[in-house]
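Reviewing the structure listed below.
Labels below follow one simple rule: chain letters A, B, ... track the order of the sequence lines, proteins then strands, and each chain is numbered from 1.
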Amino acid sequence: MEENFYISPGPHIFTKSKTPKMMKDVIIALIPAIFAAAYFFKLKAIILILVCTVSCVVFEALIQALLKRKVTILDLSAVVTGILLAMIMPPSLPIWTTVLGSLIAIGLTKQLFGGLGSNIFNPALLGRAFLMAAFPTYLTRWNAPFTLEAVTGATPLGMVKFGHNMNINFGGLFTGNVSGSLGETSALALLIGGAYLLIKKTIDWRVPLAYIGTVMVISFVTNLVAPGTYAGALFHVLAGGLLIGAIFMATDPVTSPVTKAGRWVFGIGCGLITMVIRLWGGLPEGVMYSILLMNAITPLLNRLTRPRRYGT
Amino acid sequence: MFTKTFRGGTHLSEHKELTVDKKIKALNAPAEIILPLSQHIGAPNRPIVNIGDSLKVGQRIGEADAFVSAPVHSPVSGKVKAISTFFNAVSGKSPAVTIENDGKNETIAFAKREEPETLPKDELIKIIKDAGIVGMGGATFPTHVKLNIPKEKSIDTLIVNGAECEPYLTCDHRLMLEKTSEILKGIKLVAKILGVKNIILGIEENKLSAIFALEKQARQINKNSTQIPIQIIMLKTKYPQGGEKQLLGAILKREVPPGKLPLDVGVVVQNVGTCFAIYEAAYHGKPLTERCVTFTGNPLREPGNFVIKLGMRLRDAIESSGGFKEDPAKIIVGGPMMGVTQYSLDIPIIKGVTGVIFLSKRELEVFEETPCIRCAKCVDICPVNLMPTEIMRMVKYSKWYNMPKLHATDCMECGACAYTCPSSIPLVQYIKLAKLEELKKK
């Protein structure tokens, strides 16, 4: 018998749930929303998702090679960023803008900060924020579902906010038969994905609960005070990007707090900022900015909410 | 029944099915044993025998004058062949006595006692000290020291540790099942020494058969006695449930302050194996010369639980227990979470060896470290509320100014964080580096 034994410090057993598996779980959780997007926005959705994903992966590989880092596209994190970026774009967006958005998301937000795990902001959201600042007209042109023509229609949030139209089509909001970004319209598809991630313990329930809970409380109270001006809690939960934001963006481990207390504060903060923008700001939707702002204070939250020392 | 547990930790794949149904079997003593002179934490022993001396079973061969020490006794009769240094399973090389077994099994006169529970406390502590009993859960801290409570402390509860939370290991489970009344008698003696008000035996719920056996016996004893009853509490199967602080936290909801011991919160924790050794010493006068060890893993032909003479080499023990059916690639002494890998089959079995796990080549788990994604699984799992990811960043980027806030020294190195890390970061090693840096400051 050969007596060459493998020596290593403990532990000697490890979880099977490694980073690529967590990324795969997020991709699986996005599948219902991808199908919904393809159903309501047809070929435009499929092309956008493909272009975004491919360009994110290509940019990741290119930039890593250029910076002489190890190319790590197999960890699937760029795929997740690509799909998420596509999901928060209007269906009518010109293709070249999505490529630019991918470059900002992967290059500026992620790789320049040191790659996976080192970024301060959610890559997909910062990519969208850049496009929003640079090309606001493209980012506010919405398709009605099943139409391939870009019409300057309004999202349900826009209709309520600027048109004071309180005839809300809740069925459409729930299934996704309303205008909006690719992946944000179908509450049903997003909730299925969220349930999967929670069951798999890939995301922590505190952030989505705190986020959605805060939005519900604020919208319930404001609706009670001024029902003619402000829509109710159910509308604010189902409309716009809240669900995709709360389930897939705010739960991004890299850019959200590591402590449980921190996650509560993070979720509540996201909810507050979202509602301030939705109700009193100049834009109809505030999910993107709320999460980006809370991303910025995440290191501070981590410091302020360290767990109590055991035994003290 | 309602199970108790602590905050943090995780359920691990148990792998106990390999040996849990295997009855404890005594292995024959080998022709030669190598007995390390010190098998405890504390002052090292000096040999009190010379080369050529004849020995009997139970004869003392090494001792120290210091209070924190535990003598070592010969498990066989025969001749002292050599006194040299030899490597052991946990601490590199140490002085050891080689004894040639003459096979006659002549023993010293063991002082049998009918009713040791009537003896005074100091007498009982002396019996335990003279028998060389140490913490049998692997810690090997001399038991008589742990039972010698400083006057200013008051102890109200004895907790007996039957958690056996490390995967693969089953020796405590089998011991509880097969030596039920002996363990309960040992527990009573410990309770008598401590003068406690509560006796609680905590067992993980995956050892139901042991829980039933003990519950049945304990009910009998409790019924026929006016003394304080032994309570048996079922614990959630979760690692590291068997850590002293986690165990007493789960059962009593008390937290041991940093740098303090269970006795500072009125508790003494003893392992079930230790209680069995105390029974053997008090009732039969037997010093600690053998222990129950789990040999397990797929490369073994006959995995099982064995009573092994201390000083028996692993190679001899495996051979007499059935040998290998395939080559092992990794040998772990202890559990798979906190155990120590071995580079040789020649190490002797000593007092602190709870089990030996053999892994084949295809079972080796080797991962490459990838970037931390801040998923916080390590923070959520840490049973002592640390932030392993932050400690890792402090060490990696020399952010030592964070040291006072991260309390790296509270870490007991259970390895739960490294187990759960999706990026395969060796967090325990980073924390050890942080501890080292903290030591340098002092």
Side-chain angles (χ1 to χ4, degrees), chain A residues 1-23 25 69-70 72 74-75 77 110 114-120 201-204 206-207 251-263 298-299 302-312, chain B residues 10 12-13 167 245 255-258 260 324 327-332 334-345 357 359 364-367 370-377 379-380 382-387 389-390 405-407 410 413 415-416 418-424 426 428-429:
Chain A
M1 187 172 81
E2 194 192 351
E3 295 201 0
N4 262 333
F5 302 120
Y6 189 84
I7 302 292
S8 68
H12 309 287
I13 49 174
F14 301 93
T15 175
K16 302 256 179 301
S17 184
K18 296 291 174 189
T19 306
K21 192 171 166 289
M22 291 172 72
M23 298 292 173
D25 278 342
R69 288 186 187 147
K70 201 177 156 206
T72 57
L74 290 181
D75 67 21
S77 62
K110 190 177 169 192
L116 178 67
S118 299
N119 47 303
I120 297 168
K201 292 195 175 149
T202 307
I203 61 170
D204 187 62
R206 289 174 184 81
V207 169
T251 55
D252 170 19
V254 175
T255 55
S256 61
V258 295
T259 61
K260 285 178 183 152
R263 287 180 213 142
T298 289
N302 280 337
R303 269 206 299 284
L304 294 180
T305 59
R306 287 196 179 110
R308 173 188 58 89
R309 187 178 191 189
Y310 187 88
T312 56
Chain B
T10 189
L12 304 171
S13 286
K245 294 181 179 181
E255 285 190 5
V256 180
K260 300 280 182 177
F324 294 111
D327 285 358
K330 194 175 195 175
I331 307 171
I332 305 159
M337 292 297 287
M338 292 183 79
V340 184
T341 50
Q342 304 297 323
Y343 55 88
S344 165
L345 281 168
I357 302 164
L359 298 178
L364 284 187
E365 295 191 56
V366 186
F367 295 101
T370 57
C372 171
I373 56 166
R374 321 278 289 147
C375 67
K377 288 190 188 225
V379 181
D380 293 343
C382 181
V384 288
N385 300 1
L386 297 179
M387 298 172 83
T389 170
E390 296 285 312
K405 292 164 205 151
L406 295 176
H407 313 300
D410 290 359
E413 298 168 21
Y419 166 85
T420 198
C421 179
S423 303
S424 312
V428 183
Q429 283 66 47

### Top contributor to chain B contacts, counting heavy-atom pairs under 4.5 Å, from A:Leu116, A:Asp204, A:Thr255, A:Thr202
A:Leu116
### Query
Backbone N or O of B:Pro422 within a donor-acceptor pair of the A:Thr19 side chain at under 3.5 Å?
yes
### Query
Got A:Met22 and B:Lys377 here, is their nearest side-chain heavy-atom distance under 4.5 Å?
yes
### Option in B:Ala416, B:Pro426, B:Gly415 with maximal non-hydrogen atom pairs under 4.5 Å from chain A
B:Gly415
### Message
Distance check, rounded to the nearest 0.5 Å: B:Arg374 atom CZ versus A:Asp252 atom CG?
### Response
11.5 Å
### Query
Do the charged groups of A:Lys201 and B:Asp380 touch, with an N to O distance under 4.0 Å?
no
### Message
I'd like to check B:Thr341 versus A:Tyr6 (side-chain heavy atoms, cut-off strictly below 4.5 Å). Are they in contact?
### Response
no
### Which of A:Arg263, A:Lys260, A:Lys16 touches chain B most, by non-hydrogen pairs under 4.5 Å
A:Arg263
### Query
Among B:Cys372, B:Ser344, B:Ala376, B:Ala418, which has the most heavy-atom pairs under 4.5 Å with chain A?
B:Ala376
## Note on the structure
In terms of heavy-atom pairs under 4.5 Å with chain A, the winner among B:Cys375, B:Ser424, B:Pro371, B:Pro258 is B:Pro258
### Query
Using a cut-off of under 4.5 Å for heavy-atom pairs, which of B:Glu413, B:Gln342, B:Met338 has the most such pairs with chain A?
B:Gln342
### Query
Is A:Ile13 close to B:Pro167 at the side-chain level, that is, under 4.5 Å between some pair of heavy atoms?
yes
### Query
Can you tell which of B:Asn385, B:Val384, B:Leu386, B:Asp410 makes a side-chain contact (heavy atoms from CB on, under 4.5 Å) with A:Arg309?
B:Asp410
### Task
Name the member of A:Gly10, A:Ser256, A:Ser8 that forms the most heavy-atom pairs with chain B at distances under 4.5 Å.
A:Ser8
### Query
Can you name the nearest heavy-atom pair linking B:Tyr419 to A:Pro11, along with the distance?
N-CG, 3.9 Å
### Query
chain B heavy atoms under 4.5 Å from A:Asp75: which part of the residue, side chain, backbone, both or neither?
neither
### Query
Do you know which of B:Pro257, B:Pro336, B:Gly335 has the most heavy-atom pairs with chain A at a distance under 4.5 angstrom?
B:Pro336
### Task
Calculate, to the nearest 0.5 Å, the distance between atoms OG1 and NZ belonging to B:Thr370 and A:Lys70 respectively.
8.5 Å
### Task
Under 4.5 Å heavy-atom distance to chain A, tell me which part of B:Leu406 shows up: side chain, backbone, both or neither.
side chain
### Summary
Here the pair of heavy atoms bringing B:Met387 nearest to A:Asn302 is CE-O, 4.2 Å
### Message
Counting only non-hydrogen atoms closer than 4.5 Å, does B:Cys382 touch chain A with its backbone (N, CA, C, O), its side chain (CB onward), both, or neither?
### Response
neither
#### Entry: Toward chain A, the part of B:Ile332 with a non-hydrogen atom under 4.5 Å
side chain
### Worked check of side-chain contact (heavy atoms from CB on, under 4.5 Å) between B:Glu255 and A:Arg308
CA-CA 12 Å; B:Glu255 285 190 5; A:Arg308 173 188 58 89; 2.8 Å; yes
### Task
May I ask you to check if A:Lys18 and B:Phe367 form a cation-pi contact, with NZ or CZ under 6.0 angstrom from the six-membered ring centre and within 45° of the axis?
yes
### Task
Among B:Leu364, B:Val340, B:Leu359, single out the residue with the greatest number of heavy-atom pairs under 4.5 Å to chain A.
B:Leu364
